There are 2 protein chains.
Amino acid sequence: MEALPRETIVDVLEDRLRTDILDGLHPAGSYLPPERRLADGYGVTRTTLKHAFGRLAQAGLLETRHGVGTRVRDYARLGGADLLPMLVRHDSGWVREVFEVRRGVGALIAERAAERGTRPQRAELGALLAALPRAEGADAVQLADVEVHRALARATGNRVYVLLTNTLFNAYLPVRSLLQGPFTDPEAAHRRLAPVVEAVTAGDARRAREAADTYLRDTERIMLEGLA
Amino acid sequence: MEALPRETIVDVLEDRLRTDILDGLHPAGSYLPPERRLADGYGVTRTTLKHAFGRLAQAGLLETRHGVGTRVRDYARLGGADLLPMLVRHDSGWVREVFEVRRGVGALIAERAAERGTRPQRAELGALLAALPRAEGADAVQLADVEVHRALARATGNRVYVLLTNTLFNAYLPVRSLLQGPFTDPEAAHRRLAPVVEAVTAGDARRAREAADTYLRDTERIMLEGLA
DNA sequence: GTGGCTGAGTGGATGAGCCACTGAACCAGT
DNA sequence: ACTGGTTCAGTGGCTCATCCACTCAGCCAC
């Protein structure tokens with residue numbers, strides 16, 4: 001089982017605000033109504049509204065100035081990758097673009113991991129890969145797959161690749177139930193991924209890059225078949 | 001001039017909490033003291049503390065469960081790239097790793113931009129590049145340089161590259177005053193960057209990738225000289 | 001054992017109130 | 001006319017006191 005979190009008012013409100021913004025109800029650059037009025041409109045306290053504002057501001061969607069107001073940032077132009085989860089949830093058209101980037105970055109990571117992975121890191125990769133076909137259910141297989149990629153990112157020795165990998169995963173893990181195609185058959189998933197780990201373990205950078213590219217292309221194709 | 005934002009209590013508190021966490025005062029996985037006690041300890045209201053909590057939770061540093069408590073997430077393992085600005089500010093050791101990734105991703109972007117940039121996008125690139133040597137002061141030159149890179153990301157036709165570029169810039173723009181070495185001479189900055197734009201405009205993907213790699217290597221080297 | 005109850009401790013949310021800031025309109029002095 | 005100061009309405013920042021909702025461990029009846 002898995003403990004699923006309750007949905008607080010702030011959560012709901014944040015979602016609603018985000019939707020309203022991304023739908024264009026409050027266009028980029030425009031000011032939101034004053035907090036008092038907006039809180040009244042949504043039937044919540046100003047305090048609660050401010051909590052939701054705080055999150056959206058942290059995410060880069062809003063920008064508040066004391067004495068002036070709160071306005072919608074031009075997120076498409078200036079926003080960071082941490083907006084992806086909400087953008088993907090709001091419009092699945094982003095998924096394809098996320099995957100393309102994932103492919104490019106994944107290839108870089110495999111290359112670096114092959115060049116610089118330490119012995120224990122390679123051993124961990126092997127263990128995680130071996131655990132994959134033992135997972136039960138497509139969801140578990142997918143998560144086991146994710147763990148292998150996290151380990152690959154760690155093996156680059158560059159912590160930023162780890163964070164970047166997490167960001168890209170965060171972007172589509174919330175909608176992962178729609179993308180389980182590649183993971184319904186644990187054996188097949190294992191076969192696709194194995195060459196990447198093999199090349200990295202062997203320390204062959206060029207082959208690792210190519211294997212990662214192939215793996216990501218295949219996985220992406222199978223995932224998107226499920227969407228179409 | 002530039003309007004610099006005031007520092008609110010929540011800002012200060014957030015900074016303090018972040019520092020305490022990143023310094024290991026509250027290790028990953030551990031629970032923070034209860035809100036009432038912590039608020040008392042910092043001399044602020046629980047409401048204010050919760051605002052700061054909200055931001056850090058959104059950033060992926062904290063995780064709150066109703067009725068249980070707030071605990072520090074294992075950000076090094078599970079955090080996203082949006083943590084970078086705070087990590088870099090806290091420990092400049094991250095800068096080198098950010099640059100390495102920036103180099104890899106920058107090369108990907110240049111390659112894609114060369115393949116897929118539209119005519120107006122190429123024109124914009126040329127215009128932004130031409131504006132660079134006209135900027136006054138290292139800071140303005142650096143920001144003009146950033147704008148060229150944003151335009152390059154847009155020219156890939158993939159919005160995720162734009163967000164990713166912003167994320168990486170956000171990581172080191174807050175400390176950019178320490179990294180102005182490459183931008184003290186506008187003419188030199190222009191000369192380094194020009195080959196990238198030229199190759200992209202010519203639609204030569206391979207050359208664009210190599211030019212970007214060279215540019216990023218050079219810029220990185222000059223920047224880090226200033227740090228050492 | 002098993003299942004339900006209870007109470008202490010925790011975060012969630014409220015609403016009234018006051019403070020601090022911004023910007024535009026106004027007004028005086030030059 | 002122009003400049004500079006003052007005022008004021010509107011906005012967000014922050015606090016406080018209070019109650020609600022949830023979790024967990026311990027207890028107890030069955």
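First the proteins, then the strands, lettered A, B, ... as listed; each starts at 1. Computed from a prediction, not measured in an experiment: that's the story for all the values here.
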Carboxylate-amine/guanidinium contact A:D40 A:R37, below 4.0 Å: no

A:R65, CZ: over 12 other non-hydrogen atoms inside 6.0 angstrom: no

Euclidean distance, atom OH of residue A:Y31 to atom C1' of D:dG12 [Å, nearest integer]: 12 Å

Phosphate OP1/OP2 of D:dC14 contacted by B:T47 side-chain N/O (<4.0 Å): no

Between P of C:dA13 and CD of A:E14, the distance in whole Å: 12 Å

B:R102 bridged to B:E220 by N-O distance under 4.0 Å: no

Contact under 4.0 Å: B:T8 side-chain N or O vs D:dG12 OP1/OP2: no

Charged N-O contact under 4.0 Å between B:E100 and A:R112: yes

B:R55 bridged to B:D11 by N-O distance under 4.0 Å: yes

Distance, rounded to the nearest Å, where B:L13 contributes CG and D:dG13 contributes C1': 13 Å

Gap between atom CG of A:N166 and atom CG of A:D82 - 0.5 Å precision: 13.0 Å

What pairs of nitrogen or oxygen atoms, one from the protein and one from nucleotides 9-11 of chain C, lie under 3.5 Å apart?
{"unit_1": "C:dG9", "atom_1": "N2", "unit_2": "B:G67", "atom_2": "O", "d": "3.3"}
{"unit_1": "C:dG11", "atom_1": "OP1", "unit_2": "B:E35", "atom_2": "N", "d": "3.4"}
{"unit_1": "C:dG11", "atom_1": "OP2", "unit_2": "B:E35", "atom_2": "N", "d": "2.8"}
{"unit_1": "C:dG11", "atom_1": "N7", "unit_2": "B:R36", "atom_2": "NH2", "d": "2.6"}
{"unit_1": "C:dG11", "atom_1": "N7", "unit_2": "B:R46", "atom_2": "NH2", "d": "3.4"}
{"unit_1": "C:dG11", "atom_1": "O6", "unit_2": "B:R36", "atom_2": "NH2", "d": "2.9"}
{"unit_1": "C:dG11", "atom_1": "N2", "unit_2": "B:H66", "atom_2": "NE2", "d": "3.1"}
{"unit_1": "C:dG11", "atom_1": "N3", "unit_2": "B:H66", "atom_2": "NE2", "d": "3.1"}

